[in-house]
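The structure appears below as C-alpha cells.
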Amino acid sequence: MADETMVIRRASEHTASPMAFDPSPSASPLERGDSRHVSTVAPLRSKFVGMDLGGPVGNQDCTPETPETADTEISQDSSIATGLLLTNPPAGIVPIRKSAYALPAASLTFKDLSFSLPATKCASCKAPSGGGEAGRQLILEPCSGHFEPGQLVAIMGPSGCGKSTLLDMLAMKKTSQYSGEVLVNGHARDPVLFRRIAAYVGQEDHMPAHWKVREALGFNATLKRQHNATGSSQKNVGDFIDNLLEAFGLSSVADTYIGGAQVRGISGGQRRRVTLARGVAAQASILFCDEPTSGLSATDAELCVKALRVIAKRLNVLVLVVIHQPRKEVAKLFDTLVLLTSNPGRMAYCGPMTQASSYMAACGYPIPVQANPTDLYLDLLTPGAESDASDALVAAFATRQKPQLDQVVEHSCAVSGLTAKEMLMAAWELKGPAGKGARLGSYAVPFYVQLRTLLLRKLRITLRNPAAMSMQIFMPTIMGVVLGTIFQGIGKTEFGIPQVSFIFILLTMLSLQSLPLMPALIEERAFMKHETSERLYKESAHILTTMFVTVPLSLIGAAIQTLIIYAFSGLPYEFLPTILGWTLLLFFMFDALFQCVAAVAPDGEQAMTMATPWLVVFMLFNGVVVTKATAPIFLHWVFEISPTSYALQAIVLRMTESSGGENNFYVKSMGFQSGQDMQGIAVILCMTILLRLMHVLALRFLNNIQK
C-alpha cells in the first residue's frame, strides 16, 4: 500500500489540474496536436509512442515519465503504473500523470452543430434559430464547443435535450443529415480514418450469448489497435485486458458467457460494463460513451467512471460521456460539464465541472451545500419542472459563456495540429523496410487477421451452442432416420409413382435444410453491423466466416440426411451419385437464397414471409405438383428457372432409363425432357452466384444502423 501511495503521490507532483478550453503554450507539441513540431518530436517519440499496455500490478516505483528519459525500463514502469492505477483508481481530487505511452493528442471542436427532423403536423414545430429551414422540427439548436485531449467530459440534460444526438454527431455516427462543423485538431474529420482514431460505446449491448467476457475484450483489442505496434505482444495485450477486467469489476466473470435471453450468463449490469470495456480496449485517442452507466448501481457507475478517468489521463484520451444524474462523488471525477435543456435542445453550460456550482450561483441559483449538484442542475433545466429555470439559464449562457466559448472555438479552428494520418503514424514504431509502417486505411489490421479472429470466434460460439449443432447436424440425422423408415425398401418395388414421390420429398427436405438458420443469421448480422461500424473488420470477412463454418456444418447435415434416407430406401447404388449430386447442388442454391433473404429482411418474421413465395413457386413448378401440360402457357417460363424441376427431371429420367420404363405413362405426363442436365446445372450455378452477390450487397448496404 505504501508503494501504491508513492505512485499516486509522484503522479500528482508531475501533473497539473485539467483546464477547460486552454490550448496551453506550455504543453508539448503532441499534447497540442501541433503538426508543425512533428519533425522534432517524432525522433523522441519513436522509442515509446504506441499503446500503453498495462503490465502486472506490483509494488514498484515509477520514475518521472518524460520523452528525454523514456527507455525500455521506464516504459515497463509506465505499464505497471497504468495497471496499478486501473486496478486501484485514485480519488477524483488526485491528479494522474500522463504515461510515456500516451496516445497522440486529439482535440475536438464543434461549431454551430444543429439537428432537426421533418416537422410533424403540429403547431409547436419551430424552425432553427440559426436560420434553418421552416417546416422542420428542431431537436438541437446550433451549439459550439471545444474539448482538449485527456479530458473526461460529461454531457448531461433532461430527456429529449439532444445529448445522444450531439454525441452521435461528434462521433460521426449520425446517419441523418445535420448542419455544422466538427474538427479534430483543427482539421475536418477524415471520413476514412476518423473511426480509426475514435471508438464508440452505444446504449445497447450487442454480443453473442456464447462469447466469454475475456474474449470480448480481446476481440476489440486485436482488431482496433495498430497491428505490430510497439508493445502489442500477446503477453502485454493479455496484461492490459486483465487490468481492464479488474478495473471494470469483471475479473470474477472473465471466463463466463455473456449470455442472453436463452443462455444463462452475466448480469445486465455486467454486460453493460463489458461493452464499455470493449470500447476502452480499442485504445483510441477519442472515446465516445452513450449512457455507459445506465442500468448500473451507483457503486458500479463510480467504478466505471474512475476507470475512464485513468484512461483519459494516463493515455491522453479525450473521453466524452453522456450520463444521467450521477451522484456527486462520480460527478467530481469529470473535468468538463456540458449541460443541455430540451424543447428544443439548447446549451446552458459548457465549462469546468468544478466551476459549475459557482456559475449557477452567479446566475442566481445557488446549490445547497449538502445537495447533489447534478440533481439540482437537472431540476433547473427540465422544462415544466417545479424549479424550471431553463430559459433563464440559456439566456445567461448566451451572455456569460457563449462569447468566450466562440472565441475559443474560432482560435481552435484556426490552429491546425496533427491530422488523422499523422496521428496513426505517430502511434506506430516503424519496423522493417520503408513503407511497411502504420496502416493508413480504414482498418487497423490486415484482412487475414480479421478473418482469423472472426473464424476463431465463430468456431468457439458454434461449438459451445448445443442448439446450433443440433439444428445443423442432429436434426437432419433424425429426420433422415424418420424419412428413411417411412420409405424403407421403396427401391425394391417396380418403378412408378411411389419412387417419384420419394424423390420429390427428398429434394424438398434438402431444400429446407437452411431455412431454420435465418433467425440466427439475422442475429449475427446485428452484431456485424455494430462491429463493422467501428471499423473492426470488413463485411466480406463476416461472409467468409459464415461460408467456412455455418455452410459446411449444414452441408454435412444435408449429406448425412441424404445418405441415411438412401440407405433405408433400398435403391441401387448406381443412382447414388446422381441423387447425391443434385441434392447437394440444390442445397447450395437454397442456402444462398436463405442467406440472401436473411441479409435483406429487417427481422426473422419478415424473412420467413419473404422466403415463402420462392419456396412455393419452386416446390410447385417441378413437374410433379404442376406439370408443363397443366400449367398456364404464360407460366411455362417458370420451369426454365426452377431448380427443383431440373433436379427432379434428371433423377427421374435416370431411374426410368435404368428400369426400362421409357414409355411409362406417368413419367410422360410430367413433361420431362432428356438432355437438359447441363442446362439445369448451369441455371442452378448462375442462380447461386447471383444470390451470393445479392447477399454481399445486402449485407453491405441494407439494414445499416440508423441514427
Using modelled atom types and a 3.5 Å cut-off, is there a donor and acceptor pairing between side-chain atoms of [X] and backbone atoms of [Y]?
X	Y	value
Ser642	Val638	no
Thr546	His542	yes
Thr493	Gly489	no
Gln450	Lys538	yes
Arg271	Ile258	yes
Arg195	Val192	no
Arg196	Ala284	no

Could you report the tightest heavy-atom contact between [X] and [Y], atom names first, then the distance?
X	Y	result
Gln499	Ile490	NE2-O, 2.9 Å
Ala647	Leu586	CB-CD1, 3.8 Å
Leu276	Cys289	CD1-SG, 3.7 Å
Gly202	Arg272	O-NH2, 2.5 Å
Ile503	Ile579	CD1-CD1, 4.0 Å
Leu217	Ala281	O-CB, 3.7 Å

Can you tell me how far [atom2] of [Y] sits from [atom1] of [X], rounded to the nearest 0.5 angstrom?
X	Y	atom1	atom2	value
Phe639	Leu620	CZ	CG	9.5 Å
Phe504	Ile651	CZ	CD1	12.5 Å
Leu697	Leu702	CG	CG	8.5 Å
Leu615	Thr612	CG	OG1	6.5 Å
Glu204	Ile705	CD	CD1	9.0 Å
Lys224	Leu536	NZ	CG	6.0 Å

Does [atom1] in [X] sit with more than 12 non-hydrogen atoms of other residues, nucleotides or ligands closer than 6.0 Å?
X	atom1	result
Met619	CE	yes
Met610	CE	yes
Lys174	NZ	yes

Does Arg457 make a cation-pi contact with Trp211 (under 6.0 Å, within 45 degrees of the axis)?
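Geometry flag: set, cation within 6.0 Å and 45°.
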With a cut-off of 3.5 Å and sequence neighbours excluded, list every side-chain donor-acceptor pair involving residues 588-602.
residue : atom : partner : partner atom : Å
Asp591  : OD1  : Ser514  : OG           : 2.7
Asp591  : OD2  : Gln595  : NE2          : 3.0
Asp591  : OD2  : Arg692  : NH2          : 2.7
Gln595  : OE1  : Arg692  : NH1          : 3.3

Apply side chain to side chain contact (heavy atoms under 4.5 Å, CB included) to the pair Leu553 and Thr462, showing each step before the final yes or no.
CA-CA 10 Å; Leu553 281 176; Thr462 300; 3.6 Å; yes
Show me, pair by pair, the donor-acceptor contacts under 3.5 angstrom made by side chains of residues 676-690, not counting sequence neighbours?
residue : atom : partner : partner atom : Å
Gln676  : OE1  : Gln649  : NE2          : 3.1
Gln676  : NE2  : Gln673  : OE1          : 3.1
Gln679  : NE2  : Glu640  : OE1          : 3.2
Gln679  : NE2  : Tyr646  : OH           : 2.9
Thr688  : OG1  : Ile684  : O            : 2.8

Run the side chain to side chain donor-acceptor pair (under 3.5 Å) check on Gln203 and Ser164 step by step: do they pass?
CA-CA 9 Å; Gln203 293 186 13; Ser164 295; 3.0 Å; yes
Salt bridge check: are [X] and [Y] linked by an N-O gap of less than 4.0 Å?
X	Y	value
Lys163	Glu291	no
Lys421	Asp190	no
Glu534	Lys173	yes

Results of side chain to side chain contact (heavy atoms under 4.5 Å, CB included) for Glu574 - residues two or more places apart only
Pro572, Arg654, Ser658
With sequence neighbours left out, the residues meeting side chain to side chain contact (heavy atoms under 4.5 Å, CB included) with Ile505 are Leu483, Phe487, Met509
Qualifying side-chain hydrogen bond (donor to acceptor under 3.5 Å, both in side chains) pairs with a residue from residues 258-267, counting only residues at least two apart or across chains
Ser267-Gln270
Under the side-chain hydrogen bond (donor to acceptor under 3.5 Å, both in side chains) rule, what pairs show up with a residue in residues 553-572, not counting sequence neighbours?
Gln472-Ser554
Below 30° counts as parallel, above 60° as perpendicular, anything between as tilted: where do the rings of Phe219 and Tyr537 land?
perpendicular
Can you tell me how the ring of His530 sits relative to the ring of His206, calling it parallel under 30°, perpendicular over 60° and tilted otherwise?
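The rings of His530 and His206 lie parallel, inter-plane angle below 30°.
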Please determine whether salt bridge (Lys or Arg N to Asp or Glu O under 4.0 Å) holds for the pair Glu531 and Arg278, giving the CA-CA distance in whole Å, both sets of side-chain angles, and the decisive distance to 0.1 Å.
CA-CA 11 Å; Glu531 291 169 349; Arg278 288 183 68 189; 3.4 Å; yes
Apply side chain to side chain donor-acceptor pair (under 3.5 Å) to residues Asn704 and Lys529 and explain how you reach the verdict.
CA-CA 6 Å; Asn704 292 324; Lys529 287 295 183 180; 2.7 Å; yes
CA sep, side-chain torsions, deciding dist, call: His210, Arg460, side chain to side chain contact (heavy atoms under 4.5 Å, CB included)
CA-CA 8 Å; His210 289 88; Arg460 283 173 172 169; over 6 Å; no
Working for salt bridge (Lys or Arg N to Asp or Glu O under 4.0 Å), residues Glu215 and Arg464:
CA-CA 14 Å; Glu215 295 167 354; Arg464 293 168 183 168; 2.6 Å; yes
Show, in sequence, the C-alpha distance, side-chain angles and deciding distance for Tyr200 and Asp168, and conclude whether the side chain to side chain donor-acceptor pair (under 3.5 Å) test is met.
CA-CA 9 Å; Tyr200 181 86; Asp168 290 339; 2.6 Å; yes
Is there a side-chain contact between Met471 and Leu517, using heavy atoms and a 4.5 Å cut-off?
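Yes, side chains in contact.
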